[in-house]
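Read the structure below first, then the notes.
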Amino acid sequence: MRILLIEDTSDVGEAIVARFVRGGHAVDWEVDGQAAAEILDFTNYDLVILDIMLPGLDGFSILKRLRSKQSQTPVLVLTARSEVEDRVSALDLGADDYLVKPFDFRELEARARVLLRRREGNTTNVLACGDIMIDRNVRVVRIGNREVGLKRRELTLLEILAARPGKVFSKDELLDQLFGFDEAPGPNAIELYVGRLRRKLEGARAEIRTIRGLGYQLVAHEGA
């Protein structure tokens with residue numbers, strides 16, 4: 001996923017970023033509510049993790065503004081307020097889920113996976129194409145019964161392609177999902193990762209195809 005974290009507490013923000021980056025996600029972190037709202041005006045994310053108490057613009061206002069633009073981006077609200085009214089307000093404004101601080105980071109990751117599955121129309125954490133199986137919970141890839149060792153971004157790239165087999169993803173789409181604002185990938189970064197991934201998937205009953213001038217897609221071989 002490409003995630004926007006809007007959180008002004010440094011230690012909480014650093015911990016969340018570290019957890020999701022370690023899981024292969026691209027994370028942009030903003031501490032000011034107004035700046036975050038403006039980012040959401042021109043950047044698409046797979047998930048927004050939104051604190052309520054923020055400088056500039058509070059989380060409720062950001063959520064209301066986002067939904068007023070008919071955005072369907074999943075939003076997971078973080079709040080230090082345990083009152084039922086605050087949680088109800090967040091849900092009524094269009095939040096998809098919420099967590100009350102302090103929370104267990106494993107629960108945060110699990111809830112994020114649920115929102116991603118819901119967005120993709122999947123009911124489990126397992127993606128499959130041909131004989132390639134990806135367990136997004138434990139970050140394991142298998143070709144048949146053989147486990148394949150992939151580096152973080154290789155696995156993320158495969159997840160993106162396998163979540164929608166047959167869909168053609170442009171280089172720009174893949175760059176947006178693999179890298180955050182603070183990262184500066186080289187001009188041939190996508191070709192590099194696709195090349196590495198193809199070599200590691202050799203022998204599978206699915207392949208990454210290049211659609212000239214358009215991008216890349218993951219497709220299963222006929223009969224797979």
Side-chain angles (χ1 to χ4, degrees), residues 1-120 125 136-137 139 152-153 156 159-160 163 175-184:
M1 290 184 288
R2 186 173 184 186
I3 299 168
L4 177 62
L5 170 64
I6 311 171
E7 167 62 66
D8 67 327
T9 305
S10 296
D11 56 346
V12 175
E14 289 170 1
I16 292 174
V17 170
R19 295 284 297 217
F20 280 101
V21 168
R22 190 160 59 244
H25 306 292
V27 184
D28 296 324
W29 177 19
E30 182 54 63
V31 300
D32 180 83
Q34 183 62 45
E38 292 171 1
I39 289 172
L40 286 169
D41 285 341
F42 63 84
T43 306
N44 293 320
Y45 288 91
D46 298 298
L47 174 66
V48 174
I49 300 175
L50 175 64
D51 190 24
I52 293 300
M53 301 299 292
L54 295 164
L57 198 66
D58 66 52
F60 291 132
S61 298
I62 294 171
L63 183 55
K64 186 175 181 179
R65 173 169 166 166
L66 183 66
R67 293 304 185 228
S68 71
K69 299 177 184 298
Q70 308 303 312
S71 172
Q72 300 301 309
T73 302
V75 176
L76 174 59
V77 166
L78 305 178
T79 177
R81 303 170 173 179
S82 59
E83 289 82 358
V84 172
E85 290 78 7
D86 289 324
R87 303 198 297 273
V88 169
S89 294
L91 294 171
D92 282 344
L93 286 171
D96 297 272
D97 202 353
Y98 66 85
L99 273 175
V100 177
K101 298 178 181 177
F103 52 81
D104 189 307
F105 288 99
R106 293 170 299 177
E107 183 177 5
L108 174 62
E109 290 176 305
R111 288 174 181 262
R113 288 193 296 269
V114 169
L115 294 178
L116 177 61
R117 292 202 309 266
R118 188 183 302 166
R119 179 182 176 91
E120 295 171 347
N125 282 318
R136 294 189 290 191
N137 187 18
R139 308 289 290 169
R152 178 170 60 88
R153 283 209 173 97
T156 301
E159 284 181 302
I160 295 167
L175 282 170
D176 282 345
Q177 294 190 61
L178 286 173
F179 298 94
F181 282 143
D182 296 332
E183 299 170 296

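From a predicted model like this one, the values you see are computed outputs, not experimental measurements.
- Annotation: the span from Asn44 atom CG to Ile39 atom CD1 amounts to 13.0 Å, rounded to 0.5 Å.
- A distance of 13.0 Å separates CG of Leu5 from NE2 of His25, quoted to the nearest 0.5 Å.
- In this structure, Pro55 and Asp32 approach most closely via the heavy-atom pair O-OD1, 3.5 Å.
- Residues Met53 and Asp8 share a closest heavy-atom pair of O-OD1, 3.3 Å.
- Using a cut-off of 4.0 Å between Lys/Arg side-chain N and Asp/Glu carboxylate O, Glu107 and Arg111 are scored as salt-bridged.
- Within the model, atoms OG1 of Thr43 and CG of Asp28 stand 7.5 Å from one another, a figure rounded to the nearest 0.5 Å.
- Contact check on Arg113 versus Asp97 returns no salt bridge, with no Lys/Arg side-chain nitrogen under 4.0 Å from an Asp/Glu carboxylate oxygen.
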Determine, stepwise, if the pair Tyr45 / Ile3 fulfils side chain to side chain contact (heavy atoms under 4.5 Å, CB included).
-> CA-CA 6 Å; Tyr45 288 91; Ile3 299 168; 5.6 Å; no

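- Residue Leu40 comes nearest to Ile6 through the heavy atom pair CD1-CD1, 4.4 Å, listed as atom of the first residue, atom of the second, then distance.
- Looking only at side-chain heavy atoms (C-beta outward), Arg152 and Val21 come within less than 4.5 Å of each other.
- Atoms CG and CG, from Asp46 and Leu4 in turn, are 11.5 Å apart once rounded to the nearest 0.5 Å.
- A salt bridge between Glu38 and Arg65 is absent, with no side-chain N of the basic residue lying under 4.0 Å from a carboxylate O of the acidic one.
- Rounded to the nearest 0.5 angstrom, Tyr98 OH and Thr79 OG1 are separated by 10.0 Å.
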Starting from the C-alpha separation in whole Å, work towards a yes-or-no answer on salt bridge (charged side-chain N to carboxylate O under 4.0 Å, His left out) for Asp104 and Arg19.
-> CA-CA 12 Å; Asp104 189 307; Arg19 295 284 297 217; 5.6 Å; no

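- Nearest heavy atoms, Ala37 versus Ile62: CB-CG1, 4.4 Å.
- When all heavy atoms of Ala26 and Gln177 are compared, the closest pair comes out as CB-O, 3.5 Å.
- Asp96 CG to Gln72 CD: the interatomic distance, rounded to the nearest 0.5 Å, is 8.5 Å.
- Panel note: side chain Arg153, backbone Leu178; a donor-acceptor pair is recorded below 3.5 Å.
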Residue pair Asp176, Arg2: steps toward the side chain to side chain contact (heavy atoms under 4.5 Å, CB included) verdict = CA-CA 7 Å; Asp176 282 345; Arg2 186 173 184 186; 3.8 Å; yes

Check the pair Val12, Asp51 against side chain to side chain contact (heavy atoms under 4.5 Å, CB included), reporting the backbone distance first and the verdict last.
-> CA-CA 10 Å; Val12 175; Asp51 190 24; over 6 Å; no

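- No donor-acceptor distance shorter than 3.5 angstrom exists from the side chain of Trp29 to the backbone of Glu14, with no hydrogens or angles considered.
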Verdict with supporting geometry, Ile16 and Val27, side chain to side chain contact (heavy atoms under 4.5 Å, CB included) | CA-CA 9 Å; Ile16 292 174; Val27 184; 5.9 Å; no

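- Scanning all heavy atoms of the two residues, the minimum distance from Ala95 to Leu63 falls at N-CD2, 3.6 Å.
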